[in-house]
Amino acid sequence: MYRLTGGNVLIDPELIIKKSGISEKMKVADLGCGALGHFVFPTAKVVGKKGKVYAVDILKTILENLQKRAKQEGLDNIIEIVWTDLEVFGATKIESGSLDVAMLINTLYQSHKRVEILRESIRMLKKDGKLLVVEWENIATPLWPPAEERVKPESLISAAPKLGLKLEEEFEAGQYHYGLIFTKL
């Protein structure tokens, strides 16, 4: 579980995995996976030995720690560590058209090059692959990030057709988050 101090669930990985339709043998990337791999490890258990989960981030120290944890948990044959800058089209060493699901969870708000990140994410998806975006609601919260950094769901939904995406579902991803699931056309 992705938790706040005090044990409150911020985002439930099981809900995200279920909504994304992730199952055995799939290739999935957590783009901007973060320090703890909140979604990497539960996803690895779902895709199993014949699947692949790419833990993708720009911070090498984060990736080194995730690599160690994957090895400790016996998941290093399922989890592949990928260092990249998602803001650069074609920079990620994941083959174009190879992913079943790409996840951008609390990633877009951290950049002003959101279109570039979306284009790079879409490049890696198979036709009919799913792009899952989870971002902070544009509501007052006691939590980071500031309101001006948050990504409005309407802007993603309106940009989707221009990027070759179709909106499949909009859902509540947690008390402070919304989720969008797109399909690559």
Closest non-hydrogen atom pair, [X] against [Y]:
X	Y	answer
L66	A55	CD1-CB, 4.3 Å
C33	L63	SG-CD2, 4.1 Å
G21	M26	O-CE, 3.3 Å
R114	S111	NE-O, 3.0 Å
I62	G34	CG2-O, 3.3 Å
R69	L36	NH1-O, 2.8 Å

Heavy-atom side-chain contact between [X] and [Y] under 4.5 Å:
X	Y	answer
K52	E80	yes
I16	M103	yes
L99	I94	yes
D30	V56	no
L31	T107	no
Y54	M124	no
H38	I11	no
V133	L156	yes

Between R123 and E120, does a salt bridge (Lys or Arg N to Asp or Glu O under 4.0 Å) hold up when you go through it step by step? CA-CA 5 Å; R123 176 191 67 78; E120 177 64 350; 2.8 Å; yes

(request) Give a yes or no on whether the backbone of E137 and the side-chain of R150 come within a donor-acceptor separation of less than 3.5 Å. (result) yes

*asked:* Looking at D100 and K126, is there a salt bridge between them, counting it only when a charged N and a carboxylate O are closer than 4.0 Å?
replied: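 Counted as a salt bridge, because a side-chain N and a carboxylate O are separated by less than 4.0 Å.
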
| said: Whether K18 and E14 form a salt bridge (side-chain N of Lys/Arg under 4.0 Å from carboxylate O of Asp/Glu) is what I want to check. | reply: no

So CG of L163 and CZ of R119: to nearest 0.5 Å the spacing works out to 8.5 Å

Check your understanding: Hey, what do you get for OG1 (T92) to CG (D85), rounding to the nearest 0.5 Å?
Key ->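 Nearest 0.5 Å value for the OG1-CG distance: 8.0 Å.
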
Exactly one of V40, I22, L75 clears side chain to side chain contact (heavy atoms under 4.5 Å, CB included) with V53, and that residue is V40

message: Going by side chain to side chain contact (heavy atoms under 4.5 Å, CB included), V28 matches just one of V46, T43, I17. Which one?
response: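 Result for side chain to side chain contact (heavy atoms under 4.5 Å, CB included) with V28: T43.
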
Mind checking whether W136 and Y109 have parallel, tilted or perpendicular rings, split at 30° and 60°?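 W136 vs Y109 ring planes: perpendicular.
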
| query | So among K127, K166, E168, E169, which one has a side chain to side chain donor-acceptor pair (under 3.5 Å) with T183? | reply |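 Only one of K127, K166, E168, E169 forms a side chain to side chain donor-acceptor pair (under 3.5 Å) with T183, namely E168.
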
query: Counting only heavy atoms not in E95, do more than 12 sit closer than 6.0 Å to its CD atom?
result: no

Legend entry - Cation over ring face, K19 and F171, 6.0 Å, 45°: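 Satisfied, under 6.0 Å and within 45°.
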
Notebook entry, point to check: Looking only at side chains, do H177 and N106 share a donor and an acceptor under 3.5 Å apart?
Noted result: yes

